[in-house]
Colleague: 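Handing you a structure now.
In what follows, chains carry the letters A, B, and so on, assigned in the order in which the sequence lines appear, proteins first and then strands, with residues in each chain numbered from 1.
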Number of protein chains: 2
Amino acid sequence: MCIYTFIYGSMAVEIPENMGSECLVLKSRRAARAVTRRYDKLLRPYGLQCTQVSLLFNVASGHHRSVTELASQMAIERSTLTRNLKLLQRRGYIETDSSGQGRPQQYILTERGEALVREMIPHWREAQAQLRNELGDEGWDAIQAALSTIGAVG
Amino acid sequence: MCIYTFIYGSMAVEIPENMGSECLVLKSRRAARAVTRRYDKLLRPYGLQCTQVSLLFNVASGHHRSVTELASQMAIERSTLTRNLKLLQRRGYIETDSSGQGRPQQYILTERGEALVREMIPHWREAQAQLRNELGDEGWDAIQAALSTIGAVG
DNA sequence: CTTGAAAATGTGTATATACACATTTATCTA
DNA sequence: TAGATAAATGTGTATATACACATTTTCAAG
């Protein structure tokens with residue numbers, strides 16, 4: 001692996017040359033920031049931030065029976081998810097399903113949340129289409145595949 | 001675009017079928033979380049979190065003359081970077097270069113920071129190698145290319 | 001030298017993320 | 001049924017991120 005040496009004060013520090021260009025954690029986080037900013041810019045005029053919209057979509061899908069299960073599906077830390085859910089709940093978009101008796105907390109949409117989901121879907125589609133157009137079909141597909149792969153890193 | 005309808009309480013809500021599998025913001029954030037967790041697990045025993053290590057590497061590289069410039073290079077919000085730098089400064093790894101007279105704050109490594117960088121480089125390399133091995137050379141290259149592309153999304 | 005624009009940084013507020021530890025509830029076994 | 005075990009959630013603490021607005025410094029035009 002190629003490195004380069006640069007003089008730093010009185011000492012020489014060797015930083016791997018590919019640190020900036022190949023550091024997976026640096027690049028994956030930068031990518032997430034860039035995409036988030038873009039979606040936020042497009043969706044913010046209509047209400048929530050994109051992270052909350054995608055969480056709302058996941059709740060709407062209903063493929064979960066507990067917070068723990070939803071956290072597992074989204075590959076997000078459970079306590080993080082709990083707090084994000086509380087925000088949506090405080091704003092009246094979701095609520096816990098009181099019909100169930102067990103310990104698990106199943107979140108479902110309120111009427112207001114349903115209305116918001118309906119409103120946001122076309123804007124979300126527009127954002128997707130815009131980026132797909134910018135990246136080209138090939139680029140888009142390659143990116144989707146790459147993100148699926150690293151999203152599954154254990 | 002294909003959608004499916006599911007019954008939600010008394011109403012039917014239509015969520016795009018590809019919402020979960022193709023939402024770029026969901027997937028890019030999930031990928032960043034996964035990679036971050038992995039690097040953190042590998043690097044934490046040696047001190048800092050991976051986000052701070054990569055920031056430290058960027059400071060060490062010295063390709064910046066101000067916080068604003070560094071923020072631009074890293075595609076990170078300036079006020080975010082400011083706070084992250086303060087953390088490293090509080091721990092004695094970096095300091096502001098007092099030799100310059102202008103308004104810009106140029107952060108440089110302290111001796112302690114230099115020692116930490118030297119210590120972390122092999123561990124960072126090991127983390128990179130481990131993931132590359134898991135993903136295979138082809139997968140690795142494809143991911144690198146994809147992340148470069150979306151990281152540049154304006 | 002004054003003034004006004006531009007550059008750079010600082011701060012308040014809010015959300016997103018994760019780990020460690022504690023608490024509560026459900027379930028199984030003897 | 002009592003006690004142990006597992007499942008699910010709650011909470012404290014710390015870091016990461018961004019936006020909006022304010023403040024400070026620099027610098028050029030006049």
Colleague: Measuring from atom CD of B:Glu126 to atom CG of B:Leu131, what distance do you get when rounded to the nearest 0.5 angstrom?
Modeller: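 The CD atom of B:Glu126 sits 10.0 Å away from the CG atom of B:Leu131.
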Colleague: Send over the distance from B:Arg44 CZ to D:dT15 P, rounded to a whole Å.
Modeller: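 Those two atoms, CZ and P, are 10 Å apart.
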Colleague: May I ask you to verify whether the side chain of A:Thr80 and the base of C:dA18 hold a donor-acceptor pair under 3.5 Å?
Modeller: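 Answer yes: a donor N or O sits under 3.5 Å from an acceptor.
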Colleague: For B:Ile76 and D:dC19, give me the distance from atom CD1 to atom P, rounded to whole Å.
Modeller: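 So the CD1-P distance, B:Ile76 to D:dC19, works out to 12 Å.
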Colleague: If each of B:Ser66 and B:Arg37 is mapped to the nucleotide of DNA chain C with the nearest heavy atom, which maps nearer the 5' terminus, i.e. the 5' end?
Modeller: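 Upstream on the strand: B:Ser66.
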Colleague: Classify the nucleic acid contact of A:Arg78 as base, sugar-phosphate or nothing, counting any heavy atom under 4.0 Å across all strands shown.
Modeller: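 Base contact.
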Colleague: Has the side chain of A:Thr51 got a donor or acceptor atom sitting under 3.5 Å from an opposite partner on the base of C:dA16?
Modeller: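 No.
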Colleague: Roughly, in whole Å, what's the span from CZ in A:Arg33 to P in D:dA18?
Modeller: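 It is 6 Å, rounded to the nearest whole Å.
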Colleague: Taking the basic N atoms (NZ, or NE/NH1/NH2) and the acidic carboxylate oxygens, is any pair closer than 4.0 Å for B:Arg65 and B:Asp97?
Modeller: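 No, this pair does not count.
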Colleague: Do the non-hydrogen side-chain atoms of A:His64 and A:Asn58 ever get within less than 4.5 Å of each other?
Modeller: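 No; the side chains remain at least 4.5 Å from each other.
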Colleague: Would you mind reading off the distance between B:Leu70 atom CG and C:dT9 atom C1', rounded to a whole angstrom?
Modeller: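 One finds 14 Å between C1' of C:dT9 and CG of B:Leu70, rounded.
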Colleague: State whether B:Thr68 places a side-chain N or O below 4.0 Å from either non-bridging phosphate oxygen (OP1 or OP2) of C:dT9.
Modeller: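 Looking at the OP1 and OP2 atoms of C:dT9, one of them is under 4.0 Å from a side-chain N or O of B:Thr68.
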Colleague: Of the listed nucleotides (C:dA14, C:dA20, D:dA8), which one gets closest to any side-chain atom of A:Arg91?
Modeller: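 Ranking C:dA14, C:dA20, D:dA8 by closest atom to the A:Arg91 side chain puts C:dA14 first.
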Colleague: Would you say B:Arg29 places a side-chain N or O within less than 4.0 Å of OP1 or OP2 belonging to C:dT17?
Modeller: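 So the side-chain polar atoms of B:Arg29 do come within 4.0 Å of the phosphate oxygens OP1 or OP2 of C:dT17, strictly under.
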Colleague: To the nearest angstrom, how far is A:Lys41 atom NZ from D:dA18 atom P?
Modeller: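 Taking NZ of A:Lys41 and P of D:dA18, I get 12 Å after rounding.
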Colleague: What is the distance from CG of B:Leu56 to C1' of D:dT15, rounded to the nearest Å?
Modeller: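 The distance from CG of B:Leu56 to C1' of D:dT15 comes to 16 Å, rounded to the nearest Å.
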Colleague: Is it true that A:Glu95 and A:Arg112 have a side-chain N and a carboxylate O under 4.0 angstrom from each other?
Modeller: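 No salt bridge links A:Glu95 with A:Arg112.
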Colleague: Ignoring the backbone of A:Pro104, work out which of C:dA8, D:dA8, C:dT17 is nearest its side chain.
Modeller: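 Comparing C:dA8, D:dA8, C:dT17 against the side chain of A:Pro104, the answer is D:dA8.
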Colleague: Would you mind telling me which residue lines up with the more 5' stretch of DNA chain D, A:Gln106 or A:Thr36, judged by nearest nucleotide?
Modeller: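 In this pair, the answer is A:Gln106.
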Colleague: Can you tell me the distance, in whole Å, between the CZ atom of B:Arg83 and the P atom of D:dA16?
Modeller: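 One finds 13 Å between P of D:dA16 and CZ of B:Arg83, rounded.
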Colleague: Once you round to the nearest 0.5 Å, how far does CG of A:Leu70 lie from CG of A:Leu85?
Modeller: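 The CG atom of A:Leu70 sits 6.5 Å away from the CG atom of A:Leu85.
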Colleague: To the side chain of A:Asn84, which of C:dG10, C:dC19, C:dA16 is closest?
Modeller: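 For the A:Asn84 side chain, the nearest candidate turns out to be C:dA16.
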Colleague: Return the value, rounded to whole Å, for the distance between atom CG of B:Leu48 and atom P of C:dA18.
Modeller: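 B:Leu48 atom CG is separated from C:dA18 atom P by 19 Å.
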Colleague: Is it the case that the side chain of B:Thr110 and the backbone of B:Tyr93 share a donor-acceptor pair, with hydrogens and angles ignored and the cut-off at 3.5 Å?
Modeller: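 A pair under 3.5 Å: yes.
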Colleague: So if I take every side-chain heavy atom of A:Ser79 and compare against C:dA18, D:dG10, D:dA20, which nucleotide ends up nearest?
Modeller: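 Of the candidates, C:dA18 comes closest.
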Colleague: Taking only the side-chain heavy atoms of B:Leu87 (C-beta and beyond), determine which of C:dA16, D:dT9, D:dA16 contains the nearest atom.
Modeller: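 The answer is D:dA16, which lies nearest to the side chain.
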Colleague: Less than 4.0 angstrom between a side-chain N/O of B:Gln49 and OP1 or OP2 of D:dA14, yes or no?
Modeller: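 Indeed not, no polar side-chain atom of B:Gln49 lies that close.
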